[in-house]
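To start, the structure under review is shown below, and the notes come after it.
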Amino acid sequence: QVQPVESGGGLVQAGGSLRLSCAASGHMFSYYDMGWFRQAPGKEREFVAAVAWNGRDTNYSPSVKGRFTISRDNAKNTIYLQMNSLIPEDTATYYCARARSSITGTTSVLYDNWGQGTQVTVSS
């Protein structure tokens, strides 16, 4: 089990950057694949990116590929989401969670141990 806590959200202008962090408790963190999702008001939770336990294998949504980078530091029990070239459509609450199967999963039912989320707002 892991208990993630997200941070790093905020208000940024279009074209700007933010780096989100997800610090997770639990000594098994380094064994788990982890992912980021986001949810805008009135919309379903949407897959953003996932990283394997080893930090080398990743998976991205087409909507963020080339702009966002997911990474992890197992020594710090933390995963990161570096977001560049932000656009207003990226505005949402961002959540991290543990993958129940692998990083190829892109639906929320394939993830558990959700954090409380961090708000990202991109102004035009």
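No experiment lies behind these values; they were computed from the predicted model shown. Here, residue 1 is the first one in the sequence, and each next residue gets the next number. Computed over heavy atoms, backbone and side chain alike; hydrogens, waters and symmetry mates excluded.
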Please round to the nearest 0.5 Å and tell me the distance separating atom [atom1] of [X] and atom [atom2] of [Y].
| X | Y | atom1 | atom2 | answer |
| --- | --- | --- | --- | --- |
| S63 | F47 | OG | CZ | 9.5 Å |
| E46 | Y94 | CD | OH | 8.0 Å |
| W53 | Y31 | CH2 | OH | 9.0 Å |
| S124 | I87 | OG | CD1 | 11.5 Å |
| M83 | T69 | CE | OG1 | 11.0 Å |
| N113 | R98 | CG | CZ | 4.5 Å |

For [X] and [Y], which heavy atoms make the closest approach, and how far apart are they?
| X | Y | answer |
| --- | --- | --- |
| I79 | G35 | CD1-O, 4.3 Å |
| R72 | D33 | NH1-CA, 4.1 Å |
| V2 | F29 | CG1-CA, 4.1 Å |
| L110 | T106 | CD1-N, 4.3 Å |
| T121 | Q119 | OG1-NE2, 3.4 Å |
| E6 | C96 | OE2-N, 2.9 Å |

Is [Y] reachable from [X] through a run of hydrophobic residues whose side-chain heavy atoms are each under 4.5 Å from the next?
| X | Y | result |
| --- | --- | --- |
| Y32 | I103 | no |
| Y95 | M34 | no |
| V51 | Y80 | no |

Using ring centroids (six-membered ring only for Trp), state whether Y111 and F37 fall under 6.0 Å.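 So the answer is yes for these two rings.
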ask   = When you check the gap from the basic side-chain N to the acidic O, do R38 and D90 get nearer than 4.0 Å?
value =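 Yes, R38 and D90 are salt-bridged.
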Hey, can you pull the donor-acceptor pairs under 3.5 Å for the side chains in residues 9-24, sequence neighbours left out?
{"from": "S17", "atom 1": "OG", "to": "N84", "atom 2": "OD1", "distance (Å)": "2.9"}

Begin with the C-alpha distance, continue with both residues' side-chain angles, and end with the deciding distance and a verdict on side-chain contact (heavy atoms from CB on, under 4.5 Å) for L86 and F68. CA-CA 9 Å; L86 284 161; F68 291 10; 3.9 Å; yes
- Would a distance-only check, ignoring hydrogens and angles, find a side-chain to backbone donor-acceptor pair under 3.5 Å from T78 to D73?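 Looks like no, no N/O pair under 3.5 Å.
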Are there over 12 heavy-atom neighbours, none belonging to W114, within less than 6.0 Å of that residue's CH2?
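Counting neighbours around CH2 of W114, more than 12 heavy atoms of other residues, nucleotides or ligands fall under 6.0 Å, so yes.
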